[in-house]
There are 2 protein chains.
Amino acid sequence: MVEQTSPQLDAIFHALGDATRRHMLRELARGERTVGQLAEPFAMSLAAASKHVRTLENAGLIRREIRGRTHLCRLEPGPLASANAWLAFYERFWTQHLDALEHALRTEGAHPSKPSRKGDDP
Amino acid sequence: MVEQTSPQLDAIFHALGDATRRHMLRELARGERTVGQLAEPFAMSLAAASKHVRTLENAGLIRREIRGRTHLCRLEPGPLASANAWLAFYERFWTQHLDALEHALRTEGAHPSKPSRKGDDP
DNA sequence: AGTTTGCTCAACCATGCGGTTGAATATAGT
DNA sequence: ACTATATTCAACCGCATGGTTGAGCAAACT
């Protein structure tokens with residue numbers, strides 16, 4: 001079931017709403033990384049990057065394994081799947097959009113039938 | 001090409017990171033709605049709701065047609081498709097995750113081969 | 001033992017966000 | 001013309017966010 005009022009989704013989408021964090025996720029998609037490794041590409045202090053990592057962790061998007069003095073992070077795909085599930089609800093809209101476009105291009109202004117009134121108030 | 005450092009994605013995901021706005025999108029998925037209609041379900045001022053609508057509009061998630069004194073909003077699926085495209089990159093992670101789980105459940109601890117080391121540093 | 005390394009914590013700062021209220025604007029109805 | 005309706009605008013408030021710096025702490029190296 002796709003929950004609507006969900007603090008989980010709030011945290012997930014909020015975490016994704018920052019390019020730095022999206023970049024970190026992309027990096028983690030390539031394998032495990034330490035906090036330092038994740039921070040390295042960015043022109044910000046380690047502390048700042050560490051906060052981003054924490055945000056990702058709080059959203060459940062990554063897991064952290066403390067190995068001695070280094071913190072090893074790995075991607076946790078579950079929440080991304082949740083976000084994807086939420087978005088999937090709208091999938092028919094953009095596919096439909098593309099379908100309509102394709103149809104319009106294909107028929108080139110032939111038989112102008114009903115202008116596709118689909119689902120207003122039932 | 002799935003852009004990483006994108007103010008567009010920033011805006012889209014940020015807009016999605018709020019339950020009120022997600023609710024509005026769900027409502028708009030059912031058909032066109034005025035700002036007032038969108039605001040009605042929420043226990044907040046109209047001005048506050050109006051700001052949410054503006055946020056959605058700025059993210060490109062909705063379009064607004066001003067009809068006399070009412071503003072009619074409709075869903076714009078493109079940006080949702082972008083967000084979906086961004087997430088799609090990670091799809092293999094959660095499907096793989098589920099596959100691994102399924103596999104583990106199916107084989108019940110048989111032939112412990114390589115523990116699935118996939119793509120660390122090349 | 002002493003130092004360096006990896007990371008967090010705490011305090012601080014500027015900015016932005018989500019909310020409020022009250023006024024402004026423009027259209028619609030009488 | 002007057003009033004009611006639909007919506008935005010502007011100023012304000014409290015709080016979270018994203019960044020900084022400096023200190024703190026535990027593990028690793030020599």
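Just so you know, these numbers use all the heavy atoms, side chains as well, and skip hydrogens, waters and symmetry mates. Just so we're clear, the structure is a prediction, and the values are computed from it rather than from any experiment.
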When you compare the protein's N or O atoms with those of nucleotides 27-29 of chain D, which come within less than 3.5 Å of each other, and at what distance?
unit_1	atom_1	unit_2	atom_2	d
D/dA27	N3	A/Arg69	NH1	3.4
D/dA28	O4'	A/Arg69	NH2	3.3

Quick one: A/Phe13 CZ to C/dG18 C1', roughly how many Å, whole number?
->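 Those two atoms, CZ and C1', are 19 Å apart.
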
Partners meeting side chain to side chain donor-acceptor pair (under 3.5 Å) with B/Arg54 (sequence neighbours left out) = none

Within residues 45-63 of chain B: residues closer than 4.0 Å to DNA chain C (heavy atoms) =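 Residues of residues 45-63 of chain B under 4.0 Å from DNA chain C: B/Ser45, B/Ala47, B/Ala48, B/Lys51, B/His52.
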
Mark yes or no for whether A/Ser50, through its side chain, and A/Leu46, through its backbone, hold a donor-acceptor pair below 3.5 Å.
->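 Flag not set: sc A/Ser50 to bb A/Leu46 has no pair under 3.5 Å.
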
Any [X] side-chain N or O less than 4.0 Å from OP1/OP2 of [N]:
X: B/Thr34; N: D/dA6; result: no
X: B/His71; N: D/dA6; result: no
X: B/Thr20; N: C/dG18; result: no

Any heavy-atom pair between the side chains of [Y] and [X] that's under 4.5 Å?
X: B/Leu25; Y: B/Arg22; result: no
X: A/Phe42; Y: A/His52; result: no
X: A/Leu16; Y: B/Ile12; result: no
X: B/Leu9; Y: B/Trp86; result: yes

